[in-house]
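All remarks here apply to the structure that follows.
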Amino acid sequence: MDRRRLLIITQILAAVLALILGLLTSTGQVRVWHIYAVTFLSGAVGIFDAPARTALIPLLVSSEQLASAYALNITWRQIATLAGPFLGGIVISVFGISASYFIDALSFFSVIVCLAFMRARPSPPPEKKESPLQSVRSGFNFIRENSAILGLMSMDTCVNFFGAYRSMMPAIARDILGTGPAGLGALLGVPAFGALVGSGVVMAMGNPKHKGKLIIWVTLLYTVGLISFAFSRSLALSLVIVFCLGLVDAIGETLRDTLVQLITPDRMRGRVKSFDQVFMSAGTYLGYAQMGTAATFLGIPGALILGGSLGSAAVLLVAKFARSLRTIES
């Protein structure tokens, strides 16, 4: 379907959800279950939004510009990650919580206006009419039969699952590094600065060749960084390491998105990104549970070393068996 129209619908729904919270809060009617319900629905809207957004970009720029476009996308996302909480805190302190929801709702309409004036190349019409179940099955079969995409998703899922170090940050700050809230805030914020630099590196590279090999090496470097983080007992050194983790993670994510979109036909792009998002989310959130369980038995450093080691093994296995990923020229 028309991805631009789908994005307009998701932005309208997101604005309505923010407006509902604003009205409930301003009238004093808000309850905990309201927040749970809106959060659940926001997540559902996001599941439609992210694949459509990612699949729309190849219709806006040429294939040579795709890596730079995804890098720019990550850059703005990291800027929002850094600036959003800061601006939100100012709005809440000056105008109150309900005003922050109304401003949030208003912000979506600026995106809707941009989408309304956006001119993208039209998607080719579908080859045949499919039911939702057939659509899911064809997307799954396409991924299963494409060893490069399957290898990328498998590698990303395993590294996210075994290397979910962010869930341990509060305990690392307090028990390992002996720092307080300020140190914890720095540990959580510095990777975003690293990601900004990483996306800038990709933009400077332009359209690098042999993206498959680059992704393997960058992801392997990420897992080695996790192991190094386990041995750090210095806040300064830890900040340097998590900065580098954010940097290589952004490079890897940008190159992965670019390569997947390049080798996926347009009619499959939304489905492939949807599966990718499911695997990525499952790996991350289940990884939080895995990391906490491992830390219970092995301690935090032991859990990080184990996670980094298993992540490295997953990368090496994919590099060995997904030969097409290593030989891709683009």
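What you see is a predicted model; the values in this text were computed from it and never measured.
- Using a 4.5 Å heavy-atom cutoff, the side chains of Lys320 and Leu316 are not in contact.
- By the 4.5 Å heavy-atom criterion applied to side chains, Asp266 and Leu59 are counted as neighbours.
- Note that CZ of Arg3 and OG1 of Thr54 are 10.5 Å apart. Values are rounded to the nearest 0.5 Å.
- For the pair Val315/Ile216, a side-chain contact is recorded, criterion being any heavy-atom separation below 4.5 Å from C-beta on.
- Side-chain contact between Pro191 and Asp249 is absent, with no heavy atoms from C-beta onward closer than 4.5 Å.
- Atom CD1 of Ile12 sits about 12.0 Å away from atom CG of Leu17, to the nearest 0.5 Å.
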Exercise for review: Take Val61 and Leu66, measure what side chain to side chain contact (heavy atoms under 4.5 Å, CB included) needs, and give me the verdict at the end.
Suggested key: CA-CA 6 Å; Val61 300; Leu66 207 53; 3.7 Å; yes
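- The local environment of CZ in Phe142 is crowded, with over 12 non-hydrogen atoms from other residues, nucleotides or ligands closer than 6.0 Å.
- Side-chain contact of Gln65 with Ser62: a donor-acceptor pair under 3.5 Å is present, judged by distance alone.
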Exercise for review: Starting from the C-alpha separation in whole Å, work towards a yes-or-no answer on side chain to side chain contact (heavy atoms under 4.5 Å, CB included) for Leu7 and Asp49.
Suggested key: CA-CA 6 Å; Leu7 282 172; Asp49 184 89; 3.4 Å; yes
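- Taking CD of Gln261 as the reference point, atom CD1 of Ile149 lies at 8.5 Å (rounded to 0.5 Å).
- Within the 4.5 Å cutoff, no side-chain heavy atoms of Val218 are placed close to those of Tyr222.
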**Study point:** Intermediate values then yes/no, side chain to side chain contact (heavy atoms under 4.5 Å, CB included), Phe102 and Leu19
**Key:** CA-CA 6 Å; Phe102 290 128; Leu19 188 61; 3.7 Å; yes
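- In terms of heavy-atom proximity, Thr219 sits nearest to Val159 at CG2-CG2, 3.8 Å.
- The distance from the CG atom of Leu221 to the OG1 atom of Thr223 is 8.0 Å, given to the nearest 0.5 Å.
- Taking the six-membered ring where tryptophan is involved, the planes of Phe229 and Tyr165 are perpendicular, since the angle between them exceeds 60° and thus also 30°.
- Within 6.0 Å of CD1 on Ile35 lie more than 12 heavy atoms contributed by other residues, nucleotides or ligands.
- For the 3.5 Å distance criterion, the side chains of Ser98 and Ser26 fail to qualify, holding no donor opposite an acceptor.
- Residues Leu298 and Phe162 are members of one and the same hydrophobic cluster, defined by side-chain heavy-atom contacts under 4.5 angstrom among Ile, Leu, Val, Met, Phe, Trp and Tyr.
- Annotation: the span from Ile143 atom CD1 to Asp276 atom CG amounts to 8.0 Å, rounded to 0.5 Å.
- Linking Ile, Leu, Val, Met, Phe, Trp and Tyr whenever their side-chain heavy atoms come within less than 4.5 Å leaves Val248 and Phe231 in two separate clusters.
- The number of heavy-atom neighbours closer than 6.0 Å to CZ of Phe193, taken from other residues, nucleotides and ligands shown, is 12 or below.
- Taking 4.5 Å as the limit, every side-chain heavy atom of Ser199 sits out of range of all side-chain heavy atoms of Trp76.
- The two residues Ser138 and Arg271 come nearest to each other via the heavy atoms OG-NH1, 2.7 Å.
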Exercise for review: Could you walk me through whether Ile47 and Val278 pass side chain to side chain contact (heavy atoms under 4.5 Å, CB included), step by step?
Suggested key: CA-CA 9 Å; Ile47 287 294; Val278 169; 5.7 Å; no
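- Side chains of Val260 and Lys273 form no contact here, defined as non-hydrogen atoms less than 4.5 Å apart.
- Rounding to the nearest 0.5 Å places CG of Leu214 at 10.0 Å from CG of Leu259.
- A 4.5 Å side-chain heavy-atom check between Ser147 and Leu325 finds every atom pair outside the cut-off.
- Follow the hydrophobic side-chain contacts under 4.5 Å out from Ile8 and you reach Leu56 in the same cluster.
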